[in-house]
K.L.:
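The following block contains the structure, expressed as structure tokens.
Quick note on labels: first sequence line is chain A, next is B, and so on, each numbered from 1.
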There are 2 protein chains.
Amino acid sequence: MKGKLSPRQQGILAFIRRFMDEHQFPPTVRDIQAGCDISSTSVVDYNLQVLQREGNLRRLPEVSRGIELLDGGARRGFVNVPVLASIAAGVPIPVPSQEALDDPNLENIELPTSLTQGKENVFALRVKGTSMIDAFIADGDLVLLEPVVHPDNGDMVAAWLLDDEEVTLKRFYLEGDTVRLQPANSAMEPISVPAEKVAVRGRVVGVVRTM
Amino acid sequence: MKGKLSPRQQGILAFIRRFMDEHQFPPTVRDIQAGCDISSTSVVDYNLQVLQREGNLRRLPEVSRGIELLDGGARRGFVNVPVLASIAAGVPIPVPSQEALDDPNLENIELPTSLTQGKENVFALRVKGTSMIDAFIADGDLVLLEPVVHPDNGDMVAAWLLDDEEVTLKRFYLEGDTVRLQPANSAMEPISVPAEKVAVRGRVVGVVRTM
DNA sequence: TTCTATCCAGAACAGATGTCCCAACCGCAC
DNA sequence: GTGCGGTTGGGACATCTGTTCTGGATAGAA
């Protein structure tokens, strides 16, 4: 699906984006023709077919302006955040893979970049249960994570404890060969684990709760 | 510019919104005709002219699907949420007024309607201090509130305690002449206050935290 | 060379689509 | 009643627009 695009195809795609940014609707075939200096509508039609085959857009037949961009549909200033799964004690966090991201059943939520601080590839997990209460995270909350395997000290991370088969959200401190996981709630005791027994899956960049 | 709209005009506006939520482009005159059970395209045309005159949308002449919605420049599926002020113990919550909303210095954050559940006039307050810890709300969190003065029992509300000159986020229960404010954290004791000593300013619809 | 796949050019067709015209209807003031 | 502004119905027209057809150009493989 990721065949490379000809310059003309890239130009068409760029023009569609520009056009939709300016208007609230996609261009017609002839808009594209004029905007990209193409001599015939059939050329536009042909390249749109290619772009559709390559998965860059979707066309609705017989419908004027029936073009829908598929590159995440991401408008400027927004990112599409996939809600990969739920986390609960005893269930490992899945690694975001391309197949998983293409799953059409995947819940998706569009968030302004202000909430993700411009981070790339942010994904979300829905919290089940009350095991994260010590981090002010309640049942049903959505945790936004940035994929990070080697966090810095002091980062709030989602960590998979291999021995306990448990996932927790804690502050991460690497001290020699052991990892200290410090709850956000100072009333609770930190956990110290050998470094090889901890698999960090992501750094927490935000929490969203709706009621 | 705020003449009242006929039911048909409201229906057309709602249909356009629904259509643009579903597709990435506006409907044609005939789409509207079918979607709103209108017998003639001329009626659609007429009402679109009215909607344009009233400032609800803009039409591009001679352009198919040349309809642009003008509701506040907000893209479909998103709302502009003003961050009115910070809340902390001892500081009253301001009432969102028109002048306040027009303040150019106002911080604004664009959120998807999925986070506000389509509620209107949602505003946000930034939490200072740790007085809301019992509701899993930490220092620096953004609380999304829907303006409500008379909440239902069980709602999580922002309440201004007149005697204590204090603001808290608690679950609201009206029991006769007194109001019971139940912390979200069951380990903490509820507060009971005479109803006239409590001023509810809003119902909590969401919490957002960035780190 | 020949064949094939890709891409382009020009033109035309059929259906989609915005617009306009005219008549009719309705509520309301006079 | 009459008149009038707002609204609706029905239809037609000109244009817009997606699609298709024919032909050709180019490049690489057989």
Side-chain angles (χ1 to χ4, degrees), chain A residues 1-70, chain B residues 1-70:
Chain A
M1 135 155 178
K2 264 295 167 214
K4 43 187 163 285
L5 302 177
S6 75
R8 176 157 282 181
Q9 282 147 19
Q10 292 179 28
I12 290 178
L13 218 45
F15 174 79
I16 297 176
R17 275 191 245 282
R18 250 183 298 131
F19 191 99
M20 291 189 67
D21 234 24
E22 196 161 348
H23 310 80
Q24 277 179 31
F25 44 80
T28 67
V29 170
R30 283 169 180 83
D31 288 333
I32 300 172
Q33 181 189 3
C36 297
D37 278 318
I38 298 175
S39 58
S40 171
T41 61
S42 65
V43 177
V44 178
D45 183 69
Y46 169 78
N47 285 285
L48 286 180
Q49 284 182 42
V50 175
L51 287 169
Q52 179 169 29
R53 173 156 35 85
E54 296 295 325
N56 297 87
L57 49 82
R58 202 160 67 91
R59 294 182 80 189
L60 282 72
E62 316 260 324
V63 170
S64 76
R65 304 176 192 276
I67 297 175
E68 289 178 356
L69 291 179
L70 294 180
Chain B
M1 136 160 179
K2 263 296 165 207
K4 43 187 164 284
L5 302 177
S6 75
R8 175 157 282 181
Q9 283 148 18
Q10 292 179 27
I12 291 178
L13 217 46
F15 175 79
I16 297 176
R17 278 191 242 282
R18 250 182 297 132
F19 191 99
M20 292 189 67
D21 252 5
E22 195 162 350
H23 310 80
Q24 277 180 31
F25 44 79
T28 67
V29 171
R30 283 170 181 81
D31 287 334
I32 300 173
Q33 181 189 2
C36 297
D37 278 318
I38 297 176
S39 58
S40 171
T41 61
S42 65
V43 177
V44 178
D45 183 67
Y46 169 79
N47 284 286
L48 286 179
Q49 284 182 41
V50 176
L51 287 169
Q52 178 169 29
R53 173 157 33 86
E54 296 295 324
N56 298 89
L57 49 82
R58 202 161 67 90
R59 293 182 79 189
L60 283 73
E62 315 260 324
V63 170
S64 76
R65 305 177 190 273
I67 296 175
E68 289 178 355
L69 292 178
L70 294 180

K.L.:
Rounded to whole Å, how long is the line connecting atom CZ of B/Arg59 with atom P of C/dT17?
P.N.:
14 Å

K.L.:
Return the set of residues passing salt bridge (charged side-chain N to carboxylate O under 4.0 Å, His left out) with B/Arg58 (not counting sequence neighbours), or none when no residue passes.
P.N.:
B/Glu68

K.L.:
Run the salt bridge (charged side-chain N to carboxylate O under 4.0 Å, His left out) test against A/Arg30 and tell me which residues pass, sequence neighbours left out.
P.N.:
none

K.L.:
Give a yes/no on whether any side-chain N or O of A/Asn47 is located under 4.0 angstrom from OP1 or OP2 of C/dC8.
P.N.:
yes

K.L.:
With A/Ile67 as reference, evaluate A/Leu51, A/Ile32, A/Val29, A/Leu60 under the side-chain contact (heavy atoms from CB on, under 4.5 Å) test and give the passing residue.
P.N.:
A/Ile32

K.L.:
Can you check the A/Asp45 CG to C/dC13 P distance for me, whole Å?
P.N.:
18 Å

K.L.:
Near DNA chain C, counting only heavy atoms under 4.0 Å, which residues of residues 28-40 of chain B show up?
P.N.:
B/Thr28, B/Val29, B/Arg30

K.L.:
Closest-nucleotide mapping onto DNA chain D: is B/Ser64 or B/Tyr46 further toward the 5' terminus? I mean the 5' end.
P.N.:
B/Tyr46

K.L.:
Send over the distance from A/Gln9 CD to C/dC7 C1', rounded to a whole Å.
P.N.:
9 Å

K.L.:
Is A/Arg8 near enough to C/dA9 that one of its side-chain N or O atoms lies under 4.0 angstrom from OP1 or OP2?
P.N.:
yes

K.L.:
Closest heavy-atom contact between A/Cys36 and A/Gly11?
P.N.:
SG-O, 3.9 Å

K.L.:
The criterion is side-chain contact (heavy atoms from CB on, under 4.5 Å); which residues satisfy it with B/Ser39, sequence neighbours excluded?
P.N.:
none

K.L.:
Just to verify, what does B/Arg18 make a side-chain hydrogen bond (donor to acceptor under 3.5 Å, both in side chains) with, not counting sequence neighbours?
P.N.:
none

K.L.:
Would you check if A/Leu13 and A/Leu69 make a side-chain contact, meaning some heavy-atom pair closer than 4.5 Å?
P.N.:
yes

K.L.:
May I have the step-by-step check of side chain to side chain contact (heavy atoms under 4.5 Å, CB included) for A/Asn56 and A/Gln9, ending in yes or no?
P.N.:
CA-CA 10 Å; A/Asn56 297 87; A/Gln9 282 147 19; over 6 Å; no

K.L.:
With heavy atoms of chain A within less than 4.0 Å as the criterion, where does contact along DNA chain D begin and end?
P.N.:
D/dT17 to D/dC21

K.L.:
Could I get the full list of side-chain contact (heavy atoms from CB on, under 4.5 Å) partners for B/Phe19, not counting sequence neighbours?
P.N.:
B/Phe15, B/His23, B/Phe25, B/Pro27, B/Asp31, B/Arg65

K.L.:
Report, as a single string ordered 5' to 3', how protein heavy atoms within less than 4.0 Å touch nucleotides 22-28 of chain C: B base, S sugar-phosphate only, - not at all.
P.N.:
-------

K.L.:
Separation of B/Gln49 atom CD from C/dC21 atom P, in whole Å?
P.N.:
11 Å

K.L.:
Within this structure, what is the CZ-to-C1' distance between B/Phe25 and C/dG18, rounded to whole angstrom?
P.N.:
17 Å

K.L.:
I need the minimum non-hydrogen distance between B/Arg8 and B/Asn47, along with the two atoms involved.
P.N.:
CD-ND2, 3.9 Å

K.L.:
Excluding sequence neighbours, so at least two apart, what forms side-chain hydrogen bond (donor to acceptor under 3.5 Å, both in side chains) with A/Gln49?
P.N.:
A/Asp45

